[in-house]
Amino acid sequence: MKLSELLVNVKPLAIVGNAEVEISGVEIDSRKITTGGLFVAMKGTQVDGHRFIPKSTELGAVAVLCEDLPSEADRQESVCYVQVASTEQAVGPVATLFHGDPSRKLKLVGVTGTNGKTTIATLLYNMFRAMGHKCGLLSTVCNYIEGEAIPASHTTPDAIELNKLLARMVSAGCEYAFMECSSHAIAQRRIGGLQFAGGLFTNLTRDHLDYHKTFENYRDAKKRFFDDLRKGSFAITNADDKNGMFMVQNTRAKVKTYSTRTMADFRARILECHFDGMYLEVDGREVGVQFIGKFNVSNLLAVYGAAVMLGKQPEEILLVLSTLHSVSGRLEPVRSPEGFTAIVDYAHTPDALENVLNAIHEVLDGKEGRIITVCGAGGNRDKGKRPLMAQEAVRQSDKVIITSDNPRFEEPQAIINDMLAGLDNKQMKKVLSIVDRREAIRTACALAQKGDVILVAGKGHEDYQEIEGVKHHFDDKEVLREIFETES
């Protein structure tokens with residue numbers, strides 16, 4: 001494809017060189033450039049890609065998309081330089097065209113919000129596959145093209161990798177693709193140029209303020225996803241969230257709502273709740289599901305609503321929904337031979353922790369049993385949520401063990417101290433702090449008695465701990481099973 005054809009949806013400020021040159025590939029990583037490639041110089045949060053323009057041309061780039069043109073002395077005569085106001089905004093439309101506009105060749109559904117994205121996207125993927133459709137999934141846990149697993153390093157890949165994956169889905173015959181859309185991805189225009197059949201909003205609570213700086217910036221990044229939906233698509237929003245209707249107030253999409261508390265297009269309520277699942281009433285029909293917690297009722301309603309908007313019949317949707325299992329690391333039980341239950345969950349925000357603990361209380365309602373919570377907070381992330389997480393854990397637990405999560409480049413004890421700073425003397429009587437996460441989990445198991453529930457929160461599906469830039473193997477579920485085996 002010629003460079004000039006790739007620039008159809010881009011407004012260049014200047015073009016230096018021959019724009020009719022043939023392009024063999026598009027990359028934002030100069031190390032991946034091969035002969036005939038187009039290098040897109042991005043001004044990232046860590047590194048400015050303009051520094052690597054010379055390296056890209058050495059490796060064979062015949063064109064460069066940039067915000068700052070290299071000086072005349074630094075330009076190569078054989079290379080075409082295209083200057084734009086923002087490469088962040090330009091890369092999506094360019095990558096989309098280069099890879100054959102894949103999002104228009106399948107039905108792409110995006111899920112955004114603070115919590116529930118992974119569960120909803122994964123359940124939609126599993127549901128539509130169970131209904132006989134070929135599907136793709138782009139999620140925090142793993143990306144899938146039909147049954148082929150492709151490891152995920154970000155919630156949403158960059159625009160180029162994203163279009164590559166979507167193009168592979170089209171080649172594999174996928175009819176649908178379900179995708180988590182993080183606030184970072186929306187703010188950084190990674191999903192620019194894509195055509196969505198629909199979008200879903202889950203909820204909004206404090207998260208990623210280390211990047212967005214203010215809650216309003218974070219909220220507005222989510223809203224932009226719905227602002228950009230085309231006419232003819234659908235937007236399904238959570239009417240129980242105070243930001244639910246704000247998200248869709250400027251969208252051109254057809255708006256639908258879901259709720260467990262008020263009037264909405266899709267409604268549900270819990271009839272019975274156990275650790276093995278719930279009986280629900282969904283739009284007047286009863287169904288048994290293998291999930292627990294009111295927040296999961298909301299997640300299941302979002303899945304149900306999306307399937308309805310994609311043309312499926314309610315009876316078929318509920319039949320398949322009854323067979324689906326929870327996503328890895330989301331309220332996942334690990335049974336102890338001693339008669340207590342351990343639950344592993346990805347909850348790493350105050351709101352997510354509240355939801356999970358509420359779900360446990362709902363099941364324990366009227367039964368004997370204490371709740372012992374093991375939690376921490378990630379390093380080099382929003383420090384403001386640390387004391388809030390400790391407060392929430394203490395409020396809803398009989399005993400709390402504060403420990404390491406992914407400390408990254410921070411001292412684990414310093415993170416723990418930030419969490420403990422949110423507690424008063426009375427609250428501290430419930431709390432232990434143990435830096436070593438394995439030892440913290442072992443201590444929780446030693447304290448637990450028959451009928452108790454241990455919540456191990458924060459890492460969920462992750463099978464590593466990141467310390468000083470190195471990922472060390474660590475899986476909460478594995479650790480629990482090892483403890484149960486050696487101490488039973």
Side-chain angles (χ1 to χ4, degrees), residues 1-103 153-154 156-167 181-195 211-213 217 221 224-225 228:
M1 183 176 280
K2 290 182 179 179
L3 176 61
S4 60
E5 295 173 315
L6 293 178
L7 300 176
V8 168
N9 296 320
V10 174
K11 295 179 180 178
L13 300 177
I15 297 177
V16 180
N18 178 20
E20 299 306 308
V21 65
E22 287 286 339
I23 300 298
S24 62
V26 181
E27 299 290 352
I28 61 172
D29 185 340
S30 63
R31 295 167 296 185
K32 295 181 180 179
I33 287 289
T34 56
T35 302
L38 165 63
F39 175 61
V40 183
M42 305 279 286
K43 290 186 175 179
T45 55
Q46 304 294 324
V47 179
D48 185 350
H50 288 74
R51 287 172 44 195
F52 303 106
I53 291 175
K55 181 67 175 178
S56 73
T57 56
E58 280 177 26
L59 291 172
V62 294
V64 172
L65 191 64
C66 56
E67 294 177 22
D68 304 320
L69 285 171
S71 66
E72 256 186 86
D74 291 332
R75 293 178 207 156
Q76 303 291 324
E77 283 188 19
S78 59
V79 176
C80 181
Y81 298 88
V82 180
Q83 184 184 26
V84 292
S86 168
T87 48
E88 196 172 74
Q89 291 188 31
V91 66
V94 167
T96 295
L97 280 179
F98 182 80
H99 289 286
D101 222 348
S103 64
S153 57
H154 295 85
T156 312
D158 66 64
I160 292 170
E161 289 304 315
L162 186 50
N163 277 281
K164 284 181 183 177
L165 286 167
L166 290 171
C181 297
S182 68
S183 57
H184 290 71
I186 299 165
Q188 294 169 5
R189 307 285 185 176
R190 291 186 219 159
I191 59 175
L194 300 184
Q195 178 173 292
Y211 176 79
H212 294 287
K213 307 305 179 188
N217 289 343
R224 186 187 300 163
F225 171 70
D228 291 343

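Everything numeric here is computed off the predicted structure, so don't read it as measured data. Excluded from the calculations below are hydrogen atoms, water molecules and symmetry mates; all remaining heavy atoms, backbone and side chain alike, are included.
A search for salt bridge (Lys or Arg N to Asp or Glu O under 4.0 Å) contacts involving E161 returns K32, K164, not counting sequence neighbours. Under the rule for a salt bridge (Lys or Arg N to Asp or Glu O under 4.0 Å), R51 has no partner lying at least two apart in sequence or in another chain. Applying the ring pair (Phe, Tyr, Trp, His ring centres under 6.0 Å) rule to F225 yields the partners F196; only residues at least two apart in sequence or on another chain are considered. Under the side-chain contact (heavy atoms from CB on, under 4.5 Å) criterion, A73 pairs with S71, sequence neighbours left out. The side-chain contact (heavy atoms from CB on, under 4.5 Å) check on R224 picks up I186, R189, D228, with sequence neighbours excluded. In this view, D48 satisfies the salt bridge (Lys or Arg N to Asp or Glu O under 4.0 Å) rule with no residue, not counting sequence neighbours. Residues meeting the side-chain contact (heavy atoms from CB on, under 4.5 Å) test with A41, sequence neighbours left out: F39, H50, I53, C66. Legend: residues meeting salt bridge (Lys or Arg N to Asp or Glu O under 4.0 Å) with D101, ordered by chain and number and at least two apart, are R104. Not counting sequence neighbours, the partners of A95 by the side-chain contact (heavy atoms from CB on, under 4.5 Å) test are I160, N163.
Side-chain contact check for I15 versus C80: some heavy-atom pair is nearer than 4.5 Å. With contacts defined as side-chain heavy-atom distances shorter than 4.5 Å, the pair V64/V82 does not qualify. Taking 4.5 Å as the limit, every side-chain heavy atom of L65 sits out of range of all side-chain heavy atoms of V91. Two residues are said to be in side-chain contact when any heavy atoms from C-beta on lie closer than 4.5 Å; E5 and L97 fail this criterion. Considering only heavy atoms from C-beta on, L162 comes within 4.5 Å of I191 through its side chain. A 4.5 Å side-chain heavy-atom check between V21 and K2 finds every atom pair outside the cut-off.
Contact record, G92 with A159: CA-CB, 3.9 Å, taken as the closest heavy-atom pair. Across every non-hydrogen atom of L69 and A14, the tightest pair is CD1-CB, 4.2 Å. Considering every non-hydrogen atom in both P12 and V84, the closest pair reads CA-CG1, 4.1 Å. Smallest separation of non-hydrogen atoms from G193 and S103: O-OG, 4.3 Å. Looking at every heavy atom in both residues, I23 comes nearest to G25 through CG2-O, 3.3 Å. Scanning all heavy atoms of the two residues, the minimum distance from L3 to A63 falls at CD2-CB, 3.8 Å.
With hydrogens and angles disregarded, a donor-acceptor distance shorter than 3.5 Å links the side chain of Y81 to the backbone of Q76.
With rounding to the nearest 0.5 angstrom, the CG atom of L166 is 6.0 Å from the CG atom of L194. Rounding to the nearest 0.5 Å gives a distance of 9.5 Å between NE2 of H99 and CG of L165. Note that the SG atom of C181 and the CZ atom of R190 stand 10.5 Å from one another [nearest 0.5 Å].
Screening residues 57-70 for side-chain hydrogen bond (donor to acceptor under 3.5 Å, both in side chains), with sequence neighbours left out, gives K43-D68, E67-T87. Among residues at least two apart or in separate chains, side-chain hydrogen bond (donor to acceptor under 3.5 Å, both in side chains) pairs with a member in residues 6-24 are S4-E20.
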Exercise. Where do L38 and V94 land on the side-chain contact (heavy atoms from CB on, under 4.5 Å) test, with the steps shown first?
Worked result: CA-CA 10 Å; L38 165 63; V94 167; 3.9 Å; yes
